[in-house]
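Side-chain atoms are counted along with the backbone in the values below, which use heavy atoms only and exclude waters and symmetry mates. So that the names make sense, note that chain A is the first sequence line, chain B the second, and so on, each numbered from 1. These numbers were taken from a predicted model, which means no experiment stands behind them.
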Protein chains: 2
Amino acid sequence: MVRPRPPVAPSDGPGLFAGCPELIGTPATYGREEEIFGEGEEAERVYRVMQGAVRTHKVLSDGRRQITGFHLPGDLFGFEPGETHRHTAEALSGTRLLIFKRRQVERMATRRAEVACQLWGLATRSLRHAQDHMLLLGRRSALERVAAFLLDVDQRLGGTGTFDLPMTRRDIADYLGLTIETVSRTITQLEGEGALLRTGGRQVSLRRGRMHRLVEV
Amino acid sequence: MVRPRPPVAPSDGPGLFAGCPELIGTPATYGREEEIFGEGEEAERVYRVMQGAVRTHKVLSDGRRQITGFHLPGDLFGFEPGETHRHTAEALSGTRLLIFKRRQVERMATRRAEVACQLWGLATRSLRHAQDHMLLLGRRSALERVAAFLLDVDQRLGGTGTFDLPMTRRDIADYLGLTIETVSRTITQLEGEGALLRTGGRQVSLRRGRMHRLVEV
DNA sequence: CGTCCTATTGAGGAGTATCAACGTAGGTGG
DNA sequence: CCACCTACGTTGATACTCCTCAATAGGACG
């Protein structure tokens, strides 16, 4: 969730891949919790979010799950250097995607350097997000994790300070490497310290100054 | 450390960038613990390890550190999508590098799609490593982390099962999101369970069957 | 209104961090 | 060549964060 939105806006046009008119995507819709692709499946398609949201995750055999990222409109996902997907991807809610043939994109990338550069940029931005998240998972407390997460969601949803969390406590917990109980308790604690207000349902209103002080560098 | 070696072998030639003869790197050597670049500095160079090893890390203001990766001969590092480095890079020991001008590489990438594709492949492989590491940091126990780490180092150093750890306990701890004491205790525990032998200094000899059983999926 | 799923809260415990002491190895200067 | 010094590593005692298990409350939907 920390990843900044890539500069590829959905307004590039309904059928375009990263501004390349030769690549036309096939529209598709997915329902809440529906799987888009599974870990281990052949990676023959590439996806672009048009509406809704997608999460990608990895699981261990005993069910422990780590969400590696949330994908919002404009984001591309599903690229793999190898032949198979290393993640499972699922729609968070009703979601519209554009599907591209991976071979077609790769062939285009070998011909048009700007497409290949865009792919590189996308991968590098994802990498930066992943590295920031490693620091969070390896070295931050539960309070810092939740505060950083809430600030990030706020920013991605417009930065007004008041918003509805688009995911469940389970998703948040599996993204932050915590349990749902710890997430819940931490939000309660943040409310007790006056760093946020719960204004009904999943809506929260942040005191961004106080929140930032909890995260610091 | 988990990242598999990229297919770009150092034997590509002393001055070549990813098989591209137009790009000639400048050789440089760095001593133990010497900084190669710092977080926040302008990212105008790109590096390739020829000999030795490099670690990249991020730090919080209070000193908490997360090592995001170790780079061995053949690996490229230092790429950034933005203008500044998001990491600090330091040599683990006496290390020989090849330095490339970032602008030059990018210009070459816009002209030659195969260079851009190589950059994409490098970033994507790093991303895969980062995502595997997120699962480790977010959801694995200390025992699993250390066992996975040792198996990975063994594999990267030839897979014989017996090797010298090329980094200190502090580096291991900061890579695995643990403390040096926990790393030390966990290695002792692994020895007690007959999953490895300490054969003097930093050398260890793994019982890979037992180690693998501890890591599973 | 009941059912199911999600979220909150509490009590207790496991796992890892922290603080401290001691042991070991490698390098330096006498 | 040896003694010292410093950095690294191990082990122990204790503390604390976060997890686990359990019960309750709140919302969405039929």
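- Residue Arg198(A) places at least one side-chain N or O under 4.0 Å from the OP1 or OP2 atom of dT8(C).
- Scanning residues 51-64 of chain A for heavy-atom distances under 4.0 Å to DNA chain C yields an empty list.
- Identified under the salt bridge (Lys or Arg N to Asp or Glu O under 4.0 Å) test for residues 179-189 of chain A, with sequence neighbours left out: none.
- Computed from coordinates, the Gln203(B) CD to dG9(D) P distance equals 15 Å when rounded to whole Å.
- Taking 4.0 angstrom as the limit, Thr168(A) places none of its side-chain polar atoms (N or O) nearer than this to OP1 or OP2 of dC5(C).
- Per the geometry, CG belonging to Asp171(B) stands 13 Å off C1' belonging to dA7(D), to the nearest Å.
- Every residue meeting the side chain to side chain contact (heavy atoms under 4.5 Å, CB included) condition with Gln203(B), not counting sequence neighbours, appears here in chain and number order: Thr162(B), Asp164(B), Thr199(B).
- For the pairing with Thr68(A), the side chain to side chain donor-acceptor pair (under 3.5 Å) check across His129(A), His133(A), Lys58(A), His87(A) returns one residue only, His87(A).
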**Item:** Reading 5' to 3' through nucleotides 14-30 of chain D, protein heavy-atom contacts under 4.0 Å coded B for base, S for sugar-phosphate only, - for none
**Value:** ----SSBB---------
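- For Arg102(A), the salt bridge (Lys or Arg N to Asp or Glu O under 4.0 Å) partners are Glu106(A), not counting sequence neighbours.
- Taking 4.0 angstrom as the limit, Arg170(A) places none of its side-chain polar atoms (N or O) nearer than this to OP1 or OP2 of dT6(C).
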Throw together a table of side-chain donor-acceptor distances under 3.5 angstrom for residues 207-217 of chain B, partners on residues two or more places apart or in other chains.
| unit_1 | atom_1 | unit_2 | atom_2 | d |
| --- | --- | --- | --- | --- |
| Arg208(B) | NH1 | Gly159(B) | O | 2.4 |
| Arg208(B) | NH2 | Thr160(B) | O | 3.4 |
| Arg210(B) | NH1 | Glu193(B) | O | 3.3 |

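- Listed by first and then second residue, the side chain to side chain donor-acceptor pair (under 3.5 Å) pairs involving residues 137-149 of chain A are Arg139(A)-Asp174(B), Ser141(A)-Glu144(A), Glu144(A)-Arg64(B) (not counting sequence neighbours).
- Among residues two or more places apart in sequence or in another chain, the side chain to side chain contact (heavy atoms under 4.5 Å, CB included) test is passed with Ser184(A) by none.
- Taking atom CD1 on Ile187(A) and atom C1' on dA7(C), their separation rounds to 9 Å, with Å as the unit.
- In this structure, Ile180(A) atom CD1 and dC5(C) atom P are separated by 14 Å, rounded to whole Å.
- Annotation: side chain to side chain contact (heavy atoms under 4.5 Å, CB included) contacts of Glu191(A) (sequence neighbours excluded): Leu196(A), Arg198(A).
- Taking atom CG on Asp164(B) and atom C1' on dA25(C), their separation rounds to 14 Å, with Å as the unit.
- Between the CD atom of Gln189(A) and the C1' atom of dG10(C) there is a distance of 16 Å, given to the nearest Å.
- Taking atom CD of Glu33(B) as the reference point, atom P of dA7(D) lies 12 Å away to the nearest angstrom.
- Applying the ring-ring contact (aromatic ring centres under 6.0 Å, His included) test to His57(B) and every residue at least two apart in sequence or in another chain returns nothing.
- Annotation: the terminal axes of the helix from dC1(C)-dG30(D) to dG30(C)-dC1(D) meet at 30°, where each axis is the rotation carrying the C1' atoms of four end pairs onto the next four (5 pairs per end, rounded to 10°).
- Closest to the Arg202(B) side chain, of the nucleotides dA7(C), dT10(D), dC8(D), is dC8(D).
- Rounded to an integer number of Å, the gap from CZ of Arg32(A) to P of dC5(C) is 11 Å.
- In this structure, Ser126(A) contributes its side chain and Leu122(A) its backbone to a donor-acceptor pair below 3.5 Å.
- Applying the side chain to side chain donor-acceptor pair (under 3.5 Å) definition to pairs two or more places apart or across chains, those involving residues 28-40 of chain A are Glu33(A)-Arg55(A).
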